[in-house]
Amino acid sequence: MPMAIVLAVTFIGVALLLLTWSVLARPDPSHQRAVLNLQRGLDRRLAAQSDPALGAPRPSTLNVLGRRLTPAGSVRTLDRLLAQAGRPPAWPLERLMAGKVVLAGTLALLSLLYISSAPRMIPIVVGIAVTVVGYFLPELLLHSRGQERSQKITLELADTLDQMTIAVEAGLGFDSAMARAGRNGQGPLAEELVRTLQDIQVGHSRRDAYEGLAQRTSVPDLRRFIRAIIQADAYGIAIADVLRTQAAEMRMKRRQRAEEKAMQIPVKVIFPLMLCILPVLFIVLLGPAAMDIMAAFS
């Protein structure tokens, strides 16, 4: 009987997860409509495919439920983490809020079924912990993706500053150098540079656009570079000197981080060496001697 209950709970959980995936994995209609509006006029076939009768995008019932059940503080946290993660097209804010509610509800239902089969303290604690983890799972995924993106930006910063320094010393302006670096690059830093130039083109001041770049990335080295650029723009310092100094500093910091990671390797190797390699080595070396001693005394 307990095995049948476990199998039933497993099948119900798999079915609910598949249902959740089928609901949340659909293309976002608002995103598709925005892309279609941006491409309209570039291709007449795309304009012919557009449906003007659609009007304003209507949020789905699941998105509305997620918006109502998600606290305002959690919405702000999700929006900040989305900005740091680069706002992936497959993870809009509404879908994340709906995912939080659906995951928490699904795991809570499975936990109740599991607790009803074995009403003890440990299943109750496990069910509550699993439900809480499922509710905060989108934040954890976004935080992990944001950390990976920040590391990529940190690695790309020194080379990008070198490219911008060469372009400025060749006679280009700072905006043109930034545009060239963003056009030639392929990583998240190039995307953020293009986004900053777009903010300036739509009417934002340079200071606000640069500060928005620092807030979206949350990379300490990039923030330091942005502060230096803002001060150079305010006090009339030659931008080529600032770029040259910042590029040299970023290269030095990248070398120092590489040396730091190299120095951490012996410390990280100690525990696998003690737990996995040394016991086997002792068995191979001392095993025959121990067997001979046991045979001699027996």
Side-chain angles (χ1 to χ4, degrees), residues 24-25 27-28 30-31 34-35 38 63 66-67 69-104 132-161 163-164 178-179 181-202 204-230 246 249-250 253-254 257-258 260-261:
L24 295 180
D28 188 12
S30 61
H31 175 72
V35 172
L38 290 174
N63 292 340
R67 171 73 70 172
L69 295 180
T70 306
S74 181
V75 174
R76 289 192 296 269
T77 302
L78 280 175
D79 188 68
R80 178 177 55 84
L81 292 175
L82 270 175
Q84 294 179 0
R87 296 193 179 277
W91 296 358
L93 183 60
E94 290 78 10
R95 183 173 295 177
L96 286 174
M97 291 187 294
K100 285 171 64 70
V101 175
V102 171
L103 282 175
V132 171
V133 170
Y135 183 77
F136 289 103
L137 183 61
E139 282 90 342
L140 297 176
L141 295 176
L142 286 176
H143 179 72
S144 176
R145 182 156 184 171
Q147 291 293 327
E148 295 177 358
R149 192 167 183 268
S150 298
Q151 292 177 2
K152 291 181 180 179
I153 291 175
T154 303
L155 293 175
E156 297 172 359
L157 185 57
D159 296 334
T160 303
L161 290 183
Q163 296 178 13
M164 294 173 63
M178 187 184 298
R183 185 169 58 250
N184 295 333
Q186 297 180 352
L189 182 56
E191 297 174 358
E192 291 296 337
L193 293 179
V194 173
R195 167 72 183 278
T196 303
L197 291 174
Q198 291 175 350
D199 291 341
I200 295 174
Q201 291 172 358
V202 298
H204 291 187
S205 63
R206 296 179 183 276
R207 185 184 184 93
D208 294 339
Y210 296 155
E211 289 179 352
L213 171 62
Q215 291 176 0
R216 289 193 304 269
T217 54
S218 68
V219 177
D221 294 341
L222 185 57
R223 290 193 179 203
R224 192 176 298 107
F225 168 69
I226 293 300
R227 286 197 298 266
I229 292 299
I230 292 175
Q246 292 292 322
E249 183 178 356
M250 297 305 167
K253 287 188 175 182
R254 185 172 61 180
R257 283 193 294 267
E260 181 182 359
K261 290 183 179 180

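Computation of the quantities below employed the complete heavy-atom set of this structure, encompassing side-chain atoms and omitting hydrogens, waters and symmetry-equivalent molecules.
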Test of understanding: with side-chain contact (heavy atoms from CB on, under 4.5 Å), list the residues that count as partners of [X], not counting sequence neighbours.
| X | value |
| --- | --- |
| Leu137 | Leu103, Leu141 |
| Ile153 | Arg149, Pro188, Leu189, Thr217, Val219, Leu222 |
| Arg254 | Ala158, Asp159, Arg251, Arg257 |
| Val75 | Arg67, Thr70, Leu93, Met97 |

How far does [atom1] of [X] sit from [atom2] of [Y], to the nearest 0.5 angstrom?
| X | Y | atom1 | atom2 | answer |
| --- | --- | --- | --- | --- |
| Leu193 | Glu156 | CG | CD | 9.5 Å |
| Glu148 | His143 | CD | NE2 | 10.5 Å |
| Gln151 | Thr154 | CD | OG1 | 7.5 Å |
| Met250 | Leu161 | CE | CG | 6.0 Å |

Item to check | Heavy-atom pair with the smallest gap, counting every atom of Ala181 and Ala190 | outcome: O-CB, 4.2 Å
Next on the checklist: I need the minimum non-hydrogen distance between Pro88 and Leu82, along with the two atoms involved.
Outcome noted: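 Shortest heavy-atom contact: CD-CD2, 4.0 Å.
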With sequence neighbours excluded, tell me which residues meet salt bridge (charged side-chain N to carboxylate O under 4.0 Å, His left out) with [X].
| X | answer |
| --- | --- |
| Arg223 | none |
| Arg145 | none |
| Lys253 | Asp221, Glu249 |

Pairing residues for [X] by the side chain to side chain donor-acceptor pair (under 3.5 Å) criterion, not counting sequence neighbours:
| X | result |
| --- | --- |
| Asp79 | Arg87 |
| Arg80 | none |
| Thr77 | none |
| Glu139 | Ser74, Lys100 |

Next on the checklist: Check whether Arg206 reaches the backbone of Ile200 with its side chain - one donor and one acceptor, N or O, closer than 3.5 Å.
Outcome noted: no
Checklist entry - Within the side chain of Thr196, is there an N or O that forms a donor-acceptor pair under 3.5 Å with the backbone of Glu192? => result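 Answer holds: yes.
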State, with a plain yes or no, whether a side-chain heavy atom of [X] is found less than 4.5 Å away from one of [Y].
| X | Y | answer |
| --- | --- | --- |
| Asp199 | Tyr210 | no |
| Leu142 | Leu96 | yes |
| Asp208 | Glu211 | yes |

